[in-house]
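Inspection log for the structure reproduced underneath, given as structure tokens.
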Amino acid sequence: MKLFLDTGDLSEVRRAAEWGVLDGVTTNPTLIAKSGKGFKETVLAICEAVPGGAISAEVVATDYDLMLKEALEIASWHEQIVVKVPLIEPGVRLVSTLADQGIRTNVTLVFTVTQALMAAKAGATYISNFVGRVDDLATDGMAAVQETVDMVDTYGFESEVLVASVRHPLHVTQAVAAGAHVATMPLKVMEMMFNHPLTDIGLRRFLDDWNAAGLTIG
Ligand code: E4P
């Protein structure tokens with residue numbers, strides 16, 4: 001399973017990249033706006049911070065011709081870039097066009113398996129199924145993830161199911177159980193994935209016993 005960081009903050013990307021477990025980064029217009037820096041400069045710096053990683057950068061136009069122009073511009077910046085496209089009608093058309101040209105896409109704002117099916121048929125590289133925003137409406141956001149994973153498996157689509165809008169480690173646990181290919185999350189969620197109180201207690205006991213015995217390595 002791939003782990004992506006969901007951020008436009010370069011210092012967060014550098015921190016997670018140090019762990020050696022980061023497969024990519026997803027950005028969106030909100031995250032880029034929050035970064036306080038330019039779009040291209042931020043995305044290129046993220047590409048450099050995660051060598052070989054898949055870095056999603058989103059178009060902002062909503063009509064096909066402009067979306068295509070933006071997508072080609074964004075894709076030309078760096079080979080690691082994946083063009084992020086919203087699941088709207090011209091977006092699906094755009095994904096088909098880009099797939100024909102070998103340009104990778106991440107279809108975003110997907111909430112249902114029917115939307116996911118349109119993205120998969122268009123040739124999306126990643127299908128970003130949002131979970132937290134659905135949970136916020138007191139509805140099970142993970143249900144559509146499971147349906148989408150099953151749909152991709154049943155029909156043999158090449159798209160990877162990317163669990164987005166992740167709010168806590170339980171979402172990651174559920175994404176694993178659903179067989180999702182990728183989860184993207186804020187740094188604070190990725191940091192929480194290290195934690196267990198029994199790990200802390202166990203380590204403290206090991207070190208106390210070792211030190212009490214006066215042992216050394218080598
Ligand atoms: C995904 O690519 C999105 O950027 C992101 O996961 C949205 O998360 P949010 O619902 O917490 O804003």
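Atoms within a ligand are numbered from 1 in the order they appear, just like the ligands themselves. Just so you know, these numbers use all the heavy atoms, side chains as well, and skip hydrogens, waters and symmetry mates. Throughout, residue positions are numbered sequentially from 1 according to the sequence presented.
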Per side chain to side chain contact (heavy atoms under 4.5 Å, CB included), Val161 is matched among Asp150, Val110, Asp153, Thr148 by Thr148
OG1 (Thr62) and CG (Leu94) are apart, to the nearest 0.5 Å, by 12.0 Å
One should read off an interatomic distance between Lys2 NZ and His181 NE2, to the nearest 0.5 angstrom, of 8.5 Å
Which N or O atoms of ligand 1 sit under 3.5 Å from a protein N or O, and how far apart is each pair?
{"unit_1": "ligand 1", "atom_1": "2 (O)", "unit_2": "Lys84", "atom_2": "NZ", "d": "2.6"}
{"unit_1": "ligand 1", "atom_1": "4 (O)", "unit_2": "Asp6", "atom_2": "OD1", "d": "2.9"}
{"unit_1": "ligand 1", "atom_1": "4 (O)", "unit_2": "Asp6", "atom_2": "OD2", "d": "3.4"}
{"unit_1": "ligand 1", "atom_1": "4 (O)", "unit_2": "Asn28", "atom_2": "ND2", "d": "2.7"}
{"unit_1": "ligand 1", "atom_1": "4 (O)", "unit_2": "Lys84", "atom_2": "NZ", "d": "3.3"}
{"unit_1": "ligand 1", "atom_1": "6 (O)", "unit_2": "Asp6", "atom_2": "OD2", "d": "2.8"}
{"unit_1": "ligand 1", "atom_1": "6 (O)", "unit_2": "Ser165", "atom_2": "N", "d": "2.7"}
{"unit_1": "ligand 1", "atom_1": "10 (O)", "unit_2": "Arg133", "atom_2": "NE", "d": "2.6"}
{"unit_1": "ligand 1", "atom_1": "10 (O)", "unit_2": "Ser165", "atom_2": "OG", "d": "2.6"}
{"unit_1": "ligand 1", "atom_1": "10 (O)", "unit_2": "Arg167", "atom_2": "NH2", "d": "2.9"}
{"unit_1": "ligand 1", "atom_1": "11 (O)", "unit_2": "Arg167", "atom_2": "NE", "d": "3.4"}
{"unit_1": "ligand 1", "atom_1": "11 (O)", "unit_2": "Arg167", "atom_2": "NH2", "d": "3.4"}
{"unit_1": "ligand 1", "atom_1": "12 (O)", "unit_2": "Arg133", "atom_2": "NH2", "d": "2.8"}

Going by chain and number, the hydrophobic cluster around Val182 (ILVMFWY, side chain to side chain under 4.5 Å) further includes Phe4, Val82, Tyr126, Leu162
So salt bridge (charged side-chain N to carboxylate O under 4.0 Å, His left out) across residues 8-32, not counting sequence neighbours, yields Arg15-Glu191
Residues joined to Val60 in its hydrophobic cluster, side chain to side chain under 4.5 Å directly or through other members, sorted by chain and number, are none
